Number of protein chains: 2
Amino acid sequence: MDDLETQLQRFFPRLEPALRAELLQEATLKDLPEGEFIIRTGQYLKSSILLLNGLLKVYRQDEEGHEFLLYFLEPGHACALSMLCAVREEQSEISAQAVTPAQVLLVPMHVAERWLTKYPSWHMFVIGTYRERFEELLQTLDAVAFTSLDERLLFYLRKNQQFKGNQLRISHQQIAMELNSSREVISRLLKKLEQRGVLTLHRNFIELHQPA
Amino acid sequence: MDDLETQLQRFFPRLEPALRAELLQEATLKDLPEGEFIIRTGQYLKSSILLLNGLLKVYRQDEEGHEFLLYFLEPGHACALSMLCAVREEQSEISAQAVTPAQVLLVPMHVAERWLTKYPSWHMFVIGTYRERFEELLQTLDAVAFTSLDERLLFYLRKNQQFKGNQLRISHQQIAMELNSSREVISRLLKKLEQRGVLTLHRNFIELHQPA
DNA sequence: ACAGTTCTGTGACTTTTGTCACTGTGATGG
DNA sequence: CCATCACAGTGACAAAAGTCACAGAACTGT
């Protein structure tokens, strides 16, 4: 693993050098083991989160514990929600979890706030972050509103493939949760996809074919 | 109707006076008759949109013409999407339409951009706009993901009630479109709601009871 | 090797939504 | 006064998804 400064430069090239220097000063580096939560529903946040390494998944939960995947976060991106919540000093309405071991930078809210006027590039970065998340959210909404479960399942698998490769170690139960469905249904749909030759089912993992 | 300056002050009190003055200079005022589009899917936008008067609805459309209501926009608010699209110089992926006669201010993109660094209050306003729309979008997503059609229908009616009063002049077809369902289903569900005493069905309009 | 656990497969059934086909009814405009 | 039209109601059926109940397969630790 590179040193922090190199990583910053690699993943956040658009932040001006002075800002990157101050980031090193002000932000806290945090390592997340796989599965660790960085945000939990109902939690108060006081920092913005920048992702340096690994993969985070951001999802919503309702009162009865149903989950719902919103989007993945890759290195070089930031969690728009963390900025939202931080600004409003409100409870977060979402959860974020490390899918792989991950490294994040935590920028205290008051610092992030100050940078908005101090560094134009920070400002653009924040705006850009909102924009990107907004668009991903729209995509997700489209998927839910306009497509059936089997299409969404395929989309979900492809997305995971993109980040984790062809061998997905996910249980049907997991998938069901994230798509807000039930295990049996997912099992059946996966079976259909297997028959169509899209994938092969194994115990504890799913093998996706043709990355296309 | 008040003069423009008074309206600005009333609906956008948080914008600094100098900015309000410049708004009067740089922005174009536009009157929208009921039903007029201000954004259409596929259109290129070159302005940010601030709403002065009336009610706009913002919705998504898929390729086959299905609609999907995202949220309403009230006076004093701005369309986050218009800012998104404007910045990216991309095609808009949504439509916005005047539900009642409305008045909007159009701020050319390059001006809006310039203000970001020039006026802190503009900057905060833009951030705030993203934040609010983001949260509304999350709400909508929740509704779709976690609740059944009849709940969504009720929610939809309440929302309309909030803006348009107890007598809703909407056809079942209209509702079906906006909830991405079909007329027959909506008819049936409305019937059920009537039996539960929530509303009374009339020709061409629906009467909602207990504003609660 | 065995009990316990997790993951997966499956049949039968229900509920929810969507679709089709048709009817009725009020409004509007020649 | 009648043709037309948009709107609404409804029964019958189909499709999609969720639920229930079980069974078997693989993995775990002791």
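Lettering of chains follows the sequences in order, A, B, ..., and the numbering in each one begins at 1. It should be emphasised that the depicted structure is a prediction, and the values quoted were computed from it without experimental measurement. When reading the values below, keep in mind they use all heavy atoms of this one structure, side chains included, and skip hydrogens, waters and symmetry mates.
- Rounded to an integer number of Å, the gap from CG of B:Leu190 to P of C:dT17 is 13 Å.
- In this structure, B:Glu184 atom CD and C:dG18 atom P are separated by 10 Å, rounded to whole Å.
- The distance between atom CG of B:Asp150 and atom P of C:dT15, rounded to the nearest whole Å, is 14 Å.
- Among the nucleotides C:dT17, C:dT8, D:dT19, the one closest to any side-chain atom of A:Ser187 is C:dT8.
- Phosphate contact (OP1/OP2 of D:dG18, side-chain N/O of A:Ser181, threshold under 4.0 Å): present.
- Residue-level contact check: A:Leu201 touches the backbone only, with heavy atoms under 4.0 Å from sugar-phosphate atoms and none from bases.
- B:Glu36 CD: more than 12 foreign heavy atoms inside a 6.0 Å radius.
- When rounded to the nearest whole Å, the span between CZ of B:Arg169 and C1' of D:dA6 equals 15 Å.
- No hydrogens or angles were tested; on distance alone, a donor-acceptor pair under 3.5 Å links the side chain of A:Arg188 to the base of D:dT19.
- Candidate nucleotides D:dA6, C:dG11, C:dT8 were compared by shortest atom distance to the side chain of A:His172, and C:dT8 ranks first.
- Here the side chain of A:Lys191 is nearest to one of C:dG26, C:dG9, D:dA26, namely C:dG9.
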For A:Tyr59 and A:Gln97, what are the C-alpha separation, side-chain angles and deciding distance, and is it a side chain to side chain donor-acceptor pair (under 3.5 Å)? CA-CA 8 Å; A:Tyr59 57 95; A:Gln97 197 181 6; 3.2 Å; yes

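- Put simply, the side chain of A:Arg183 and the base of C:dG9 share a donor and an acceptor less than 3.5 Å apart.
- The residue A:Ser182 sits close to a base: some heavy atom pair falls under 4.0 Å.
- In this structure, a donor-acceptor pair under 3.5 Å is present between the side chains of B:Arg158 and B:Gln161.
- Across the protein-nucleic acid pair, B:Lys192 atom NZ and C:dT15 atom C1' stand 10 Å apart, rounded to whole Å.
- Atoms CD1 (B:Ile186) and P (D:dC7) sit 15 Å apart, rounded to a whole Å.
- Shown here is B:Lys164, whose NZ atom has more than 12 heavy atoms of other residues, nucleotides or ligands within 6.0 Å.
- Atoms CD (B:Glu194) and P (D:dA8) sit 12 Å apart, rounded to a whole Å.
- Residues A:Asn180 and B:Gln173 each lie close to DNA chain D; by heavy-atom proximity, the contact nearer the 5' end of the strand is made by B:Gln173.
- At least one donor-acceptor pair under 3.5 Å links the side chain of B:Arg152 to the backbone N or O of B:Leu179.
- We find that CD1 of A:Ile175 is positioned 17 Å from C1' of D:dG18, with the value rounded to whole Å.
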